[in-house]
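Below: the structure, in structure tokens.
Numbering of ligands and ligand atoms starts at 1, following listing order. Basis for what follows: all heavy atoms, side chains included, without hydrogens, waters or symmetry-related copies.
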Amino acid sequence: MKKKDQNIAVRQSADDLIIQAPVAISFLKSNSLVIESANSHILELWEKQADIIGRPLAFVLSAPGQLHYVKSVQDVYKSGHIHFGYETPIRLNRNGHNNLFYFDFVYKPVKDSSNNTVGVMVVATEVTKQVVARQLLEEAEERLRLAIEATGIANWDMDLLNNDVIASSRLSEIFGYDSDETLTYQQLFGAVHPDDKCVVDMAFEEAIKSSIYLCETRIVWADGSIRWIRTTGKVLYDDHHKPLRMLGTTIDITKRKQEEIMKNDFIAMASHELKTPLTSLKAYTQLLVSKAKKAGDEFFINALEKSENQINKMARLIYGFLDMSKIESGKLQLNTQAFDINELFDEIIADKLLIAPDHVLSFKSGQTIQINADKEKIAQVIGNFISNAVKYSPKGSAITLAVKKLSENLRISVKDEGIGLKVRDQQSVFQRFYRVEDESTRGLSGFGIGLYLSAEIIRLHHGKIAVESEEGKGAEFYFLLPLQTDPN
Ligand code: ADP
């Protein structure tokens, strides 16, 4: 092929490349920037037709809003330096709508063999999707930031490898500093009330295992005043499950906490005052029962036994409230001793007629299993499971108690054939005052504190409490007690 023919072929393939390119391209020649070639994408940007090819750029893009664009290309020709333009907004008519679109531009000088600029190559890539996505993200972030600010919640990010903390300014305020002061991990942890440091340590240990950090503690401000804070966090791990970071929020709960303390004190005082008259009421009723029995008066025996039952119910409730206030003020203590769990079950079963007169209560005593625990409190938890099983299952149905020795734990369970629980309620029933309110529980009274107390007692024993259930098919409440450790 002759040299001239070769040039034509090269030129042709360069033109084809420009026309078929997925980005907007134009080649502008000589210092008058004559449009040598332009593909359909760049014609769309300029809002022109192919008949502009062969005409100077300044002549084609002469509208006032286009002059700065022409000038940028002229500057590249004159200086011989490449120019980049990022996320340039351009209004375009597309699909009958006039909208703003965004483009990244490159104006590249094209040089001959003597390094003289002979033209400019313009390439534009559309980045509208990326820009819009980023703008939406920025708006969402801003909305979230405003919402967080309005709630008074501080958020933070802690590097678990070197304890560096990045926090919102609200955290400094919660800890009694100016909002522009940056706090270190040492300052934050150092502010925790000395009596609550172990609570923080325990919550942290738990977070490393379960990924969830949750803690309510007191902090001491520099002026000596005491505040309450609630902190929640989530641990992030690397591929080898090594903890890397913890993200979380902190909120000042001093208002709420003071009200809670006042409410607790009131409950504790009222329950305490009710205990004494109730004890003498019980003693007198028992006396009357035995007198009625001696006299063989069936009506009185029946009526007084019913009264005694109601008194026992009331006593359980009052002791429950007392325990709850002890838990809230951190004063519920264990009185541990070594005992055989089967003995405890035998004692419970001996009261069968009293605790579940209308159910088929069964327990098979197995091997001797010694545990170290608070016998009275463990009995309280099992008693609560049984009275719930009685309450939430039909008369005549079976209630099965079981003890199983696992490798590290003892599993104690109470299973019924009652109404069961929805999956969404299975976690929540261990929270204070939580009750399932639906058709199946209508008419069944309660305060929703029994399982909360049980959960706290098991937590103090370093055990685990849970329920397995299918709605309508009964429930199995159980707890695990570590076999080795002494809770104290
Ligand atoms: P209370 O029974 O006084 O409401 P609890 O704390 O003992 O309080 O129980 C909390 C809730 O858990 C109950 O209101 C009930 O909805 C549910 N629950 C407890 N035990 C059972 C059970 N055996 N079967 C079905 N639901 C139960």
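- At a cut-off of 3.5 Å, with distance as the only test, a side-chain donor of Asn98 or Arg91 sits close to an acceptor on the other residue.
- Scanning the protein for heavy atoms near atom 8 (O) of ligand 1, the closest one is Gly448 CA, 3.2 Å.
- The protein non-hydrogen atom at the shortest distance from atom 10 (C) of ligand 1 is Tyr434 O, 3.4 Å.
- In terms of protein heavy-atom proximity, atom 6 (O) of ligand 1 is closest to Leu451 N, 2.8 Å.
- Taking a cut-off of under 4.0 Å to the non-hydrogen atoms of Val436, the atoms of ligand 1 that pass are 14 (O), 16 (O).
- Ligand 1 has a nitrogen or oxygen under 3.5 angstrom from a nitrogen or oxygen of Gly450.
- Atom 14 (O) of ligand 1 has as its closest protein heavy atom Tyr392 OH, 3.2 Å.
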Should Ser211 and Lys234 be marked as a side chain to side chain donor-acceptor pair (under 3.5 Å) after you check the CA-CA gap, both sets of side-chain angles, and the distance that decides it? CA-CA 5 Å; Ser211 90; Lys234 175 136 181 67; 3.1 Å; yes

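- Closest to atom 7 (O) of ligand 1, if we only count protein heavy atoms, is Asn388 ND2, 2.8 Å.
- Under the 4.0 angstrom criterion for non-hydrogen atoms, Gly420 is in contact with ligand 1.
- Salt-bridge annotation for Lys263 and Glu260: absent, with no side-chain N of the basic residue lying under 4.0 Å from a carboxylate O of the acidic one.
- Under a cutoff of 6.0 Å and an axis angle of 45°, Lys197 and Phe189 form a cation-pi pair.
- Assignment of Phe477 to the shell around ligand 1 is supported, since a heavy atom sits closer than 4.0 Å.
- The proximity of Asp416 to ligand 1, defined as any non-hydrogen pair under 4.0 Å, is limited to the side chain.
- Protein heavy atom nearest atom 4 (O) of ligand 1, with residue, atom name and distance: Arg435 NE, 2.5 Å.
- For Glu437, the heavy-atom gap to ligand 1 stays at 4.0 angstrom or more.
- The structure places CG of Asn264 at 6.0 Å from CE of Met324, a figure rounded to the nearest 0.5 Å.
- The neighbour count for Lys313 NZ, taken as heavy atoms of other residues, nucleotides or ligands under 6.0 Å away, does not exceed 12.
- Nearest protein neighbour of atom 12 (O) of ligand 1, counting heavy atoms only, is Val429 CG1, 3.2 Å.
- Tested against Arg245 for a salt bridge (charged side-chain N to carboxylate O under 4.0 Å, His left out), the candidates Asp157, Asp164, Asp159 yield a single pass: Asp157.
- A cation-pi arrangement, defined by a distance under 6.0 Å to the six-membered ring centre and an angle within 45 degrees of its axis, is absent between Arg256 and Trp228.
- Between Phe385 and Phe477, the ring planes are tilted. Angles from 30° to 60° get that label.
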